[in-house]
Amino acid sequence: MKILVCISHVPDTTSKINFTEGDTKFDTNGVQFVINPNDEFGLTRAMWFKEKQGASVDVVNVGGPETEPTLRKALAIGADTAIRVNTEAKDGFQVAKELAKVVQDGGYDLVIAGRESIDYNGGMVPGMLAGLTGANFVNTCISLEVDGTNATATREIDGGKETVTTSLPLVIGGQKGLVEESDLRIPNMRGIMMARKKPLSVVEPAGAATETTAVAFEKPAPKGAVKLVDTVDELIDLLHNEAKAI
Amino acid sequence: MSVLVYTESENGAFKKASLEVASYAKGVADMMGTSVTAIAVNGGDTAPLGTYGVDKVLNLKDSKLDAFNAAAYAKGIAAAAKAEGATVVVLSQSANAKYLAPLLAVELEAGYASNVVALPESAAPFKVKRTAFTNKAFNITEISTDVKIVGLGKNAYGLKENSAAAATEDFSADLGTFGVEVASVDKATDKVSIADAEIVVSAGRGMKGPENWGMIEEMADILGAATACSKPVSDLGWRPHGEHVGQTGKPVASNLYIAIGISGAIQHLAGINSSKVKVVINTDPEAPFFKAADYGIVGDAFEIVPQLNEKLKAFKASNS
Ligand SMILES: Cc1cc2nc3c(=O)[nH]c(=O)nc-3n(C[C@H](O)[C@H](O)[C@H](O)COP(=O)(O)OP(=O)(O)OC[C@H]3O[C@@H](n4cnc5c(N)ncnc54)[C@H](O)[C@@H]3O)c2cc1C
Ligand SMILES: Nc1ncnc2c1ncn2[C@@H]1O[C@H](COP(=O)(O)O)[C@@H](O)[C@H]1O
């Protein structure tokens with residue numbers, strides 16, 4: 001089985017979010033970038049398929065040279081090779097189109113992406129990629145087993161979960177549950193050394209068009225001070241009469 | 001030309017989120033001088049849709065669609081959009097709507113903006129405001145395709161009555177082949193889901209251990225609320241993963257969010273910021289949650305929560 005894990009390169013969850021150029025660009029100054037958490041769960045599940053079922057695991061990112069350390073980290077965790085599609089990621093559709101080409105050229109059976117990126121929270125690349133390549137698609141995937149070309153997956157639904165059966169080629173939008181938090185791997189020294197020698201190929205983009213443009217950013221209005229109360233009676237009164245929330 | 005809205009139903013009745021997206025679709029239609037068509041899948045009584053501004057309902061009836069199937073639903077909605085010549089398609093951000101939206105976008109060659117929080121700033125060019133960076137910011141997105149898809153965040157617009165006729169027609173469409181089949185559904189029918197809940201009662205590591213969750217569940221029962229928890233609580237196995245809320249868990253956009261024994265780490269707050277009213281109960285007055293909350297009590301959950309439960313019971317008894 002040939003697996004491709006899509007890696008989005010995002011600001012660390014503790015990053016302060018600021019904008020520049022008249023609030024039209026994300027300010028990357030001082031921001032630490034990481035593998036998107038949803039993709040880290042997917043990558044770890046892919047390592048399981050590699051170790052237990054002999055799958056090959058490639059990782060891909062659509063982005064500029066600045067994303068290479070993130071791809072190297074994925075190699076250090078254990079992916080075999082990395083691909084960087086050399087173009088700025090501008091919108092979900094453009095990224096999905098570029099990824100579709102990588103999937104078709106590489107003949108991948110299983111594509112593991114994340115439910116959403118924690119930066120733009122588009123929640124669209126995996127579904128669009130499935131739609132564009134004609135693969136089956138399971139979103140908010142919290143468990144995945146593959147047997148030959150058949151797959152069984154569990155996905156989170158509102159208020160519970162659902163088990164589905166499907167077949168390869170398959171794209172999933174993954175999240176925590178694919179593996180547990182405690183299964184996530186921190187690259188060790190050997191992994192980091194080996195990652196330096198693993199291939200990271202840079203491919204030129206197909207030049208896909210965009211459908212949407214992020215034209216400006218805004219920060220939420222500053223919050224008023226909290227009202228501290230001493231008794232539960234006061235709290236209930238405020239929630240009922242002032243906030244009208246109960 | 002029209003605005004098409006996908007209205008989900010559950011157990012034969014339209015969900016509240018469907019009435020909200022219908023209200024929003026009416027707002028968009030008014031901006032564009034056009035009408036609202038709803039597409040329902042095996043929908044029941046369509047009268048409530050009329051109350052919220054829907055002029056016409058296409059009811060896609062097919063027993064094959066009793067179990068949700070994202071690709072087939074997307075095909076059905078795309079066929080409705082084409083039949084109506086819709087230029088804008090509105091969906092909620094339920095798990096199922098988020099699942100099918102990108103497939104629909106490919107079917108319709110439409111640009112899609114998710115997590116939208118308000119009516120378009122302008123209809124031409126079509127610009128909408130959406131949340132980004134997990135609620136740490138907003139971004140204005142311009143959609144440049146002929147057909148636009150808008151995913152409206154929960155509780156972002158609210159319900160707006162706007163009586164219309166809601167004439168219902170049966171609708172059928174080619175649904176393609178089903179590459180994904182539902183084998184089983186595991187859903188607690190007696191519990192409110194975080195996605196649908198108006199009130200969420202959430203607790204963190206301050207509760208010390210899973211054996212102390214009785215009072216949290218009791219509060220949720222009294223308020224008709226869903227229960228949720230911080231990430232370490234689900235990582236420790238004190239509560240199921242489905243309850244983990246925050247940047248890497250479920251987003252919460254309830255009307256009221258009550259946080260008990262939760263410190264208010266940036267990753268937690270990011271996921272719950274869209275909730276309207278936030279209450280914190282914490283022993284530590286320096287806990288960051290106090291900076292994000294509307295109301296707070298500095299105190300021990302083990303004293304306050306049982307008192308609050310008693311008083312809430314009495315309040316509910318005299319206010320219902
Ligand atoms: C990549 C990444 C992603 C993350 N994603 C998330 C996420 O999605 N969601 C999330 O929640 N976290 C997330 N976290 C974890 C986050 O950083 C915090 O560690 C976590 O939210 C803390 O949980 P807590 O508030 O329950 O526990 P603690 O930080 O331990 O806080 C417990 C609180 O309880 C209070 N307390 C103690 N005893 C009592 C009592 N008797 N009565 C009342 N209060 C009491 C304490 O004063 C304290 O404020 C993430 C972290 C990382 C690195
Ligand atoms: N630039 C990118 N390169 C590679 N994969 C991406 C990129 N952007 C998004 N993805 C994948 O798509 C998932 C969902 O992203 P999004 O639709 O942007 O929320 C991510 O978790 C990644 O797996």
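Hydrogens, waters and symmetry mates play no part in the numbers below; they use all other heavy atoms, side chains included. Below, read A as the first sequence line, B as the second, and so on, with proteins coming before strands; counting in each chain starts at 1. What you see is a predicted model; the values in this text were computed from it and never measured.
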If we define contacts as heavy-atom pairs under 4.5 Å, which of [options] has the most with chain A?
{"options": "B:A70, B:G242, B:A110", "result": "B:A110"}
{"options": "B:F126, B:F315, B:F68, B:F133", "result": "B:F133"}
{"options": "B:L256, B:T189, B:V180", "result": "B:V180"}
{"options": "B:A101, B:A292, B:A270", "result": "B:A292"}
{"options": "B:S193, B:A265, B:P102, B:A71", "result": "B:P102"}
{"options": "B:E142, B:K316, B:K187, B:E107", "result": "B:E142"}

Chain B interface, residue from [options] that has the most non-hydrogen pairs under 4.5 Å:
{"options": "A:D230, A:V138, A:D23, A:L170", "value": "A:V138"}
{"options": "A:N36, A:N121, A:N38", "value": "A:N121"}
{"options": "A:L129, A:L132, A:I246", "value": "A:I246"}
{"options": "A:I142, A:N136, A:T140", "value": "A:N136"}
{"options": "A:A243, A:P37, A:G177", "value": "A:A243"}
{"options": "A:E116, A:R115, A:E234", "value": "A:R115"}

To the nearest 0.5 Å, tell me how far [X] [atom1] sits from [Y] [atom2].
{"X": "B:T131", "Y": "A:Y120", "atom1": "OG1", "atom2": "OH", "answer": "13.0 Å"}
{"X": "B:D146", "Y": "A:E211", "atom1": "CG", "atom2": "CD", "answer": "10.5 Å"}
{"X": "A:K244", "Y": "B:K276", "atom1": "NZ", "atom2": "NZ", "answer": "15.5 Å"}
{"X": "A:L235", "Y": "B:I281", "atom1": "CG", "atom2": "CD1", "answer": "6.5 Å"}
{"X": "A:D91", "Y": "B:T141", "atom1": "CG", "atom2": "OG1", "answer": "9.0 Å"}
{"X": "B:S114", "Y": "A:M124", "atom1": "OG", "atom2": "CE", "answer": "4.5 Å"}

Using only non-hydrogen atoms and a strict under-4.5 angstrom cutoff, which residues of residues 146-157 of chain A touch chain B? A:R155, A:E156, A:I157
Chain A contact via [X] - side chain, backbone, both or neither, heavy atoms under 4.5 Å:
{"X": "B:I199", "value": "side chain"}
{"X": "B:F290", "value": "both"}
{"X": "B:V279", "value": "side chain"}
{"X": "B:N135", "value": "backbone"}
{"X": "B:I266", "value": "side chain"}
{"X": "B:L223", "value": "side chain"}
{"X": "B:V277", "value": "side chain"}
{"X": "B:L100", "value": "neither"}
{"X": "B:N115", "value": "side chain"}

Using a strict threshold of under 4.0 Å (side-chain N to carboxylate O), is an ion pair present between A:D233 and B:K311? yes
SB check A:K176 B:D235 (cutoff 4.0 Å): yes
Check salt bridge (Lys or Arg N to Asp or Glu O under 4.0 Å) between B:D196 and all other residues, then give those that pass, not counting sequence neighbours. B:K15
Please classify the contact of [X] with chain B as side chain, backbone, both or neither, using a heavy-atom distance under 4.5 Å.
{"X": "A:P126", "value": "neither"}
{"X": "A:V10", "value": "neither"}
{"X": "A:T14", "value": "both"}
{"X": "A:S15", "value": "backbone"}
{"X": "A:F19", "value": "side chain"}
{"X": "A:F137", "value": "both"}
{"X": "A:L239", "value": "side chain"}

[X] versus [Y], closest heavy-atom pair with distance:
{"X": "A:G122", "Y": "B:Y112", "result": "O-CE2, 4.3 Å"}
{"X": "B:G111", "Y": "A:T212", "result": "CA-CG2, 4.2 Å"}
{"X": "B:K278", "Y": "A:K223", "result": "CE-CE, 4.5 Å"}

Derivation and outcome, salt bridge (Lys or Arg N to Asp or Glu O under 4.0 Å), residues B:K231 and A:E181: CA-CA 10 Å; B:K231 178 168 175 287; A:E181 182 82 16; 3.0 Å; yes
Test item: B:K136 and A:K16 side chains (from C-beta on) under 4.5 Å apart, heavy atoms: no
Would you check if A:K161 and B:V185 make a side-chain contact, meaning some heavy-atom pair closer than 4.5 Å?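 The answer is no, as the side chains (C-beta and beyond) never meet within the 4.5 Å cut-off.
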Sub-3.5 Å donor-acceptor pair from the side chain of [X] to the main-chain atoms of [Y], do we have one?
{"X": "A:T166", "Y": "B:G179", "result": "yes"}
{"X": "B:T134", "Y": "A:I118", "result": "yes"}
{"X": "B:Y295", "Y": "A:I236", "result": "no"}

Show every donor-acceptor pair shorter than 3.5 Å between a side-chain atom in residues 213-220 of chain A and any protein atom, with sequence neighbours excluded, or say none if there are none.
| from | atom 1 | to | atom 2 | distance (Å) |
| --- | --- | --- | --- | --- |
| A:E218 | OE1 | B:K129 | NZ | 2.8 |
| A:K219 | NZ | A:I17 | O | 2.7 |
| A:K219 | NZ | A:N18 | OD1 | 2.9 |

Could you walk me through whether A:Q175 and B:T248 pass the side chain to side chain contact (heavy atoms under 4.5 Å, CB included) test, one step at a time? CA-CA 8 Å; A:Q175 61 182 54; B:T248 53; over 6 Å; no
Pair B:Q267, A:T13: side-chain N/O donor-acceptor within cut-off below 3.5 Å: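 Yes - a donor-acceptor pair under 3.5 Å links their side chains.
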What pairs meet the ring-ring contact (aromatic ring centres under 6.0 Å, His included) rule with one or both residues in residues 163-184 of chain A, with sequence neighbours excluded? none
Taking atom NZ of A:K101 as the centre, does the number of heavy atoms from other residues, nucleotides or ligands within less than 6.0 Å exceed 12?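 Open: at most 12 neighbouring heavy atoms sit under 6.0 Å from NZ of A:K101.
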Has B:E109 got more than 12 heavy atoms of other residues, nucleotides or ligands less than 6.0 Å from its CD? no
